[in-house]
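Below is one structure; the comments refer to it alone.
Residue numbers begin at 1 in each chain, while the letters A, B, ... track the order of the sequences.
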Amino acid sequence: MPKTNEDVAELLDEMAELLAISGYDPFRVRAYEKAARAVAAYAKDIDGMDDAGILAIPTIGKGMAVRIREYLDTGAMHELEELRAQIPAGMRELIHIPGLGPKKARIIAEELNISTVEELIAAIGEHKLKDIKGLGLKTEENILRGIEQLRQHGDRIRVDIALALAEELMEGLKSCSAVIDIATAGSLRRMQETIGDIDILASSKDANGVMEAFLELEMVGRTIARGDTKCSVLTLRGMQVDLRVVPPEAWGAALIYFTGSKAHNVKIRGLALKKKLTLNEYGLFKLDTKTRVAARTEEVVYKRLGMPWIPPPLREDGGEVEAAAGGTLPALIAEDHLKGDLHTHTNLTDGQAPIEEMVDAAAKRGLEYYAVTDHAEGLPMMRVTREKLLAQRKIIDALQKKYPSMTLLHGMELNIDKAGNVDYDVDTLARFDWLNASVHGLFNLTREEQTKRIIAAMENPHVHAIGHPTGRQIGRRQPIDFDPEAVFAAAVRTGTALEINCFPDRQDLKSDHVRRAREHGVTFTISTDAHSVNHFRNVRYGIAIAQRGWLEPSMVLNCKPLSELKEFVARKRAR
DNA sequence: GCCGTTTTCGGCCCGACTGTTTTCAGTCG
């Protein structure tokens, strides 16, 4: 079985976690974390690389290369196996409890012979922790709360839900006159697909006043921590929100600090030191005189570090700092680059709105083209027929006259069966302008079967794009297991686009797949899969995935004019 | 474990907050 960069990165991350629990030097732990990110972000496939190739990956030294080599050759990393054997599985759950890190977890485990969350709860019930040096009654209470929080919100919250909540909180704070600037930060500003806790940054000359106003907001529940510049609360629904307040002159530096990621901050702070500067949330300072040289905006801080402003979705220490310093940051795609939507539904199948409403709303988006792609009859629940789908053409032709500035495309979302076949014969398919094919069932086939079926669908000259390629639904359904490198290579070979589905519970492809596929030269589509007019606003989530995957508009089919879209379709059909 | 105009050892980003501490370690981001 091929070994992907992601596979290797996952193992290195696991090594880091297990080493941390085992009490190893934190810098060694960080070395593994850094290596994992570097491998995941590396442009070339690690499988089949020679030793020199592996050593060419940034932050990979001799020791790391040997371990990666071992895994590529044998499928295992013996040190990892040993650590796994030494550390009970339950122990690893302990350090995921908020407030409990590797140090305390290890002390507790050793002193009380505890290795599961259940045993920990029991020990706290008997107040056994407070007898350990450095721990006390408060620690016991906090750990219990942490466990409760983990169980309630163990799954991270979807970005759209977090964003709505953050916007509501910020709206509530706007009436506070002490607030000068306010913005989301953290993983939410970086637009990760799921969010652990919400970070909000404000600038003010009266930090206390801002925090008072914040704590009085209706949706704020219990206060976890409260200091002079920072407080953490749980909302009534159990979501953690951190508010940090800084003086307005430090806004830019604070925004960088609070946006993260942690790894990105570590990287640019290291860079600052090399320039005899030090960076914290209050600004960029000269190391010797402590004079502040930049702080007011993010732009001036990055500029003083010798690089242009880095868009937040890139700030993951995935090579963006090096790219910025070298002047090779991607010219990132943005929402207004999109000229069309290539995956949408109507109430002919499972959409909620009639075609007229969908098309009208699409025209108001200012799109150049718009594809109506209802489900084909391979999905039995849809009660649709070939005749009904073909008849939709007449409605589209009539609507086209009403909306002359937007070209309507008649399409379908086909269903990929077990063998990779789709709903209709070639002659029927040829009567449509644009065809997505998607997996809607058989989610548990083997990796080989899934890979084969997707590639077979891409071989079809009338399949122009694969819709929501992994079929995952965040928090509800795992992605299907296919070999991403094989699928990406086949997409390029067959001239088939891969969709970035904007639905917040799909976000499929995900950004690290996008980044890898980009290196293969894959063409992408970014489509809403809208089932109602409201779903058009989900475009922001698809764009976020594309940005996190370093995409430029030239890599996305529906950023191109209609003529180029038609050429793409024609090329595929000529195969 | 990585790395090097501080180069083969000794560093490795920085500060807020908490709880247990009389000066600091752990956790978090």
request  = Considering only atom P, compute the distance from B:dT27 to B:dT21 and round it to an integer number of Å.
outcome  = 15 Å
Euclidean distance for P, B:dG4 against B:dC13 (whole angstrom) = 14 Å
message = For A:Arg304, is the CZ atom crowded, meaning more than 12 foreign heavy atoms sit under 6.0 Å from it?
response = no
remark   = Residues pairing under salt bridge (charged side-chain N to carboxylate O under 4.0 Å, His left out) where one sits in residues 165-186 of chain A, two or more places apart or in two chains, turn out to be A:Glu167-A:Arg540, A:Glu171-A:Lys174
Span that lies between the P atom of B:dG10 and that of B:dT20, in whole angstrom = 38 Å
message = One thing to verify: whether A:Arg472 and A:Glu193 come together as a salt bridge, which I'm taking to mean a side-chain N less than 4.0 angstrom from a carboxylate O.
response = yes
inquiry  = Over all strands shown, is A:Leu100 touching base, sugar-phosphate only, or nothing at heavy-atom distances under 4.0 angstrom?
reply    = sugar-phosphate
remark   = Minimal heavy-atom distance between A:Leu18 and A:Ile87, with the atoms involved, is O-CD1, 3.6 Å
query = If we take the P atom in both B:dT23 and B:dC17, what is their distance in whole Å?
reply = 23 Å
Name every donor-acceptor pair, under 3.5 Å, that has one atom in a side chain of residues 316-327 of chain A and the other anywhere in the protein, sequence neighbours excluded.
residue	atom	partner	partner atom	Å
A:Glu316	OE2	A:Arg190	NE	2.8
A:Glu316	OE2	A:Arg548	NH1	3.0
A:Glu316	OE2	A:Arg548	NH2	3.4
A:Asp317	OD1	A:Lys267	NZ	2.8
A:Asp317	OD2	A:Arg37	NE	3.4
A:Asp317	OD2	A:Arg37	NH2	3.3
A:Glu320	OE1	A:Asp317	N	3.2
A:Glu320	OE1	A:Gly318	N	2.6
A:Glu320	OE2	A:His264	ND1	2.7
A:Glu320	OE2	A:Glu316	N	3.2
A:Glu320	OE2	A:Asp317	N	2.7
A:Glu322	OE2	A:Lys267	NZ	2.6

key: Side chain proximity check, A:Leu112 to A:Ile132, heavy atoms < 4.5 angstrom   = yes
key: Whole-Å gap separating C1' (B:dG1) and CE (A:Met77)   = 13 Å
inquiry  = Over all strands shown, is A:Pro98 touching base, sugar-phosphate only, or nothing at heavy-atom distances under 4.0 angstrom?
reply    = sugar-phosphate
inquiry  = I need the NZ-C1' distance between A:Lys262 and B:dG29, as an integer number of Å.
reply    = 7 Å
Pairs of donor and acceptor atoms involving the side chains of residues 220-234 of chain A, under 3.5 Å and at least two apart or interchain, shall be tabulated with distances.
residue	atom	partner	partner atom	Å
A:Arg226	NH1	A:Glu212	OE2	3.2
A:Arg226	NH2	A:Asn208	OD1	2.4
A:Thr229	OG1	A:Arg244	NE	3.3
A:Ser232	OG	A:Asp242	OD1	2.8

message = Please name the nucleotide paired to B:dG1 by Watson-Crick or G-U wobble geometry with both distances under 3.5 Å, or report none.
response = B:dC12
ask   = In whole Å, what separates the P atom of B:dG11 from that of B:dA16?
value = 25 Å
Nucleotides 3-10 of chain B: which of its N/O atoms have a protein N/O under 3.5 Å away?
residue	atom	partner	partner atom	Å
B:dC3	OP1	A:Thr59	N	3.4

task = Kindly write out the residues that satisfy salt bridge (charged side-chain N to carboxylate O under 4.0 Å, His left out) with A:Glu70, not counting sequence neighbours, or none if the list is empty.
result = none
task = Calculate the interatomic distance between A:Asp25 atom CG and B:dC2 atom P; express it in whole Å.
result = 12 Å
request  = Rounded to the nearest angstrom, tell me the gap between atom CZ in A:Phe258 and atom P in B:dC14.
outcome  = 19 Å
ask   = Counting heavy atoms not belonging to A:Gln478, are there more than 12 under 6.0 Å from its CD?
value = no
ask   = Is any side-chain N of the basic residue among A:Lys44 and A:Glu519 closer than 4.0 Å to the acidic one's carboxylate O?
value = no
query = When the P atoms of B:dG1 and B:dT7 are considered, how many whole Å apart are they?
reply = 23 Å
ask   = Just checking A:Arg67: base, sugar-phosphate only, or nothing, at a heavy-atom cut-off of under 4.0 Å?
value = sugar-phosphate
inquiry  = Distance check needed: B:dT27 P versus A:Ile97 CD1, whole Å only.
reply    = 12 Å
task = Provide the distance between the two P atoms, one in B:dT6 and one in B:dC12, to the nearest whole Å.
result = 14 Å
message = Whole angstroms only, please: what is the CD1-C1' distance between A:Ile68 and B:dC2?
response = 13 Å
task = Using whole Å, report how far CG of A:Leu83 lies from P of B:dG1.
result = 11 Å
query = Between A:Arg28 and A:Asp199, which is nearer to the 5' end of DNA chain B once each is assigned its nearest nucleotide?
reply = A:Arg28
Earlier contact from the 5' end, DNA chain B, for A:Asn265 and A:Gly186 = A:Asn265
ask   = Which one of A:Thr184, A:Thr259, A:Asp199 satisfies the side chain to side chain donor-acceptor pair (under 3.5 Å) criterion with A:Arg189?
value = A:Thr259
B:dT22 versus B:dT18 - spacing of their C1' atoms, nearest Å = 16 Å
remark   = Heavy-atom contacts, protein to nucleotides 15-21 of chain B, under 4.0 Å, summarised as B (base), S (sugar-phosphate only) or - (none) per nt, yield SSSSSS-
query = Atom CZ of A:Phe27 and atom C1' of B:dG11: how far apart are they, to the nearest Å?
reply = 8 Å
